[in-house]
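As structure tokens, the structure follows; a few thoughts come after it.
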Amino acid sequence: MRLGVRRVDFDRMVDLGWITPTGAVDIDYKRQGGVTRVPLYSAQDVALLPVIRPEVDWRELRTVAPGRRSPLSALTPTPEGRDTVLMAGIARIAGVGRAAVANWRRRHPDFPAPTGGTATHPEFDRPAAVAWLLAHDKITVPSGIPSATLVLRADSTGKELRGRLDAPWLELAICATVDDRLSGWMSDHDADVLAALTAEGEGAAMRRLAAPGTLPLTVLGGARVIDRSRRGAGNLRVTVSGPGALHFRRRHTRRNTTHNSSRTRRSTRSAMHGSTTITP
């Protein structure tokens, strides 16, 4: 499981007490300093971090530039055994209202007992609350990073890229005269092909961008790579800029028919509040 954050940010999460190693392994690097002890972490614990820490701006954390100070640096480490959460916090983790949590507490005798706080605002042990939510199917462990299928074509040459975009993020401009931006993680090969395609002529057309549970999108032309960077080991994070004229493809109309009107675009932007993920 990959969080998509820098190593320095993950190390900060460890310092904050958000996650602890479940073991360690000794690796012999031979020419690079001999044996080094490397901590091991539970894949489930790593995958659950964005779920059980909803107060964190994970979008910001995953896109912070290399060399910049960690957004987590101002936070205070949690003393051991004092990682607590209010009922409102449990509600945010589960994606429900506070009333639902109060109902669970009343109906389920195995709901964790408060460890502090007051009668009006009780505090609960976060690990115990998360374990209860998992056991009662109120939350699930993310199985992987959401991905989208990206198809681009350079009209000047006819060359095409069909690639995978992990953790896609679509940021819509406030008006059609400003470019939209799409970012996500790609393999080095796909990122190189994408950069070459968008550098030709007037840029490339985004023929199709599709993610599970969403309508496919298309951009008629002018898409260009404006940023690419790496967060430690793994894939490259790529940002593509395109004209503010996204088309939403209707699924129940003729093939290759697009639906695009100023009214639709205005309502779409209003519903998305300027930026949104294209994941379910």
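Throughout, numbering of the chain's residues begins at 1 and tracks the sequence.
Under the 4.0 Å criterion applied to side-chain N and carboxylate O atoms, E80 and R82 are not assigned as salt-bridge partners. Checked for salt-bridge contact, R7 and D9 miss the test: no charged N lies under 4.0 Å from a carboxylate O. Note on R228 versus D192: salt bridge recorded, some NZ/NE/NH1/NH2 to OD/OE distance being below 4.0 Å.
Taking a 6.0 Å sphere around NE2 of H121, one finds it holds 12 or fewer heavy atoms contributed by other residues, nucleotides or ligands. Within 6.0 Å of the CZ atom in R59, the count of heavy atoms belonging to other residues, nucleotides or ligands exceeds 12. Atom NE2 of H136 has more than 12 heavy atoms from other residues, nucleotides or ligands within 6.0 Å.
Between L16 and the choices D11, T78, D83, L72, the side chain to side chain contact (heavy atoms under 4.5 Å, CB included) rule is met once, by L72.
If you take CG on L197 and CZ on R153, they are separated by 10.0 Å, rounding to the nearest 0.5 Å. For the atom pair CZ (R53) and CG (L75), the distance works out to 9.5 Å, reported to the nearest 0.5 Å. Taking CZ of F111 as the start and CZ of R106 as the end, the distance is 11.5 Å to the nearest 0.5 Å. Distance OG1/T115 to CZ/F124: 8.0 Å, rounded to 0.5 Å. Here R98 contributes atom CZ and L86 contributes atom CG; the two are 8.0 Å apart, rounded to the nearest 0.5 Å. In this structure, OG in S241 is found 6.0 Å from CZ in R181, a value given to the nearest 0.5 Å.
Nearest heavy atom pair, residue R126 against residue I93, reads NH1-CD1, 4.0 Å. Of all the heavy atoms in A94 and L133, the pair that sits closest is CB-CD2, 4.3 Å. Considering every non-hydrogen atom in both R224 and A199, the closest pair reads NH1-CA, 3.8 Å. Of all the heavy atoms in A191 and L236, the pair that sits closest is CB-CD1, 3.8 Å.
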### Task
Begin with the C-alpha distance, continue with both residues' side-chain angles, and end with the deciding distance and a verdict on side-chain contact (heavy atoms from CB on, under 4.5 Å) for M186 and R164.
CA-CA 6 Å; M186 301 189 79; R164 170 175 168 169; over 6 Å; no
### Intermediate values then yes/no, side-chain contact (heavy atoms from CB on, under 4.5 Å), L49 and M13
CA-CA 9 Å; L49 278 171; M13 295 179 204; 3.8 Å; yes
### Task
Walk me through it: do T36 and D26 pass the test side-chain contact (heavy atoms from CB on, under 4.5 Å)?
CA-CA 6 Å; T36 300; D26 293 330; over 6 Å; no
### Query
Would R37 and I27 satisfy side-chain contact (heavy atoms from CB on, under 4.5 Å), going step by step from the backbone distance to the final call?
CA-CA 6 Å; R37 173 150 290 194; I27 298 180; over 6 Å; no
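In this structure, the side chains of R105 and P112 stay at 4.5 Å or more apart for every pair of heavy atoms. For the pair V51 and P142, the minimum side-chain heavy-atom distance is below 4.5 Å. The side-chain heavy atoms of W185 and D190, taken from C-beta on, include no pair separated by under 4.5 Å. Under the 4.5 Å side-chain criterion, counting only non-hydrogen atoms from C-beta, K138 is in contact with W132. Using a 4.5 Å heavy-atom threshold, the side chains of W169 and L182 count as separate. Proximity of I226 to V240: side-chain heavy atoms (C-beta onward) are nowhere separated by under 4.5 Å. Contact check for F10 versus I19: side-chain heavy atoms found under the 4.5 Å cut-off.
Under 3.5 Å, the side chains of R237 and S183 contain a donor-acceptor pair of N or O atoms.
A continuous path of Ile, Leu, Val, Met, Phe, Trp and Tyr side chains, each step under 4.5 Å between heavy atoms, connects L61 with Y41, placing both in one hydrophobic cluster. Both L48 and V96 belong to a single network of hydrophobic side chains, linked directly or stepwise wherever heavy atoms of I, L, V, M, F, W or Y lie under 4.5 Å apart. Side-chain heavy atoms closer than 4.5 Å link hydrophobic residues (I, L, V, M, F, W, Y) into clusters, and following such links, even through other members, never connects V225 to V151. Both V85 and L134 belong to a common hydrophobic cluster when Ile, Leu, Val, Met, Phe, Trp and Tyr are linked at side-chain heavy-atom distances under 4.5 angstrom. Cluster membership check: V14 does not share its hydrophobic cluster with V8, using side-chain heavy-atom separations under 4.5 Å among Ile, Leu, Val, Met, Phe, Trp and Tyr.
When atom types are taken as modelled, the side chain of R6 and the backbone of R68 share a donor-acceptor pair closer than 3.5 angstrom. Of the possible donor and acceptor atoms, none in the side chain of S73 sits under 3.5 Å from a partner among the backbone N and O of R69.
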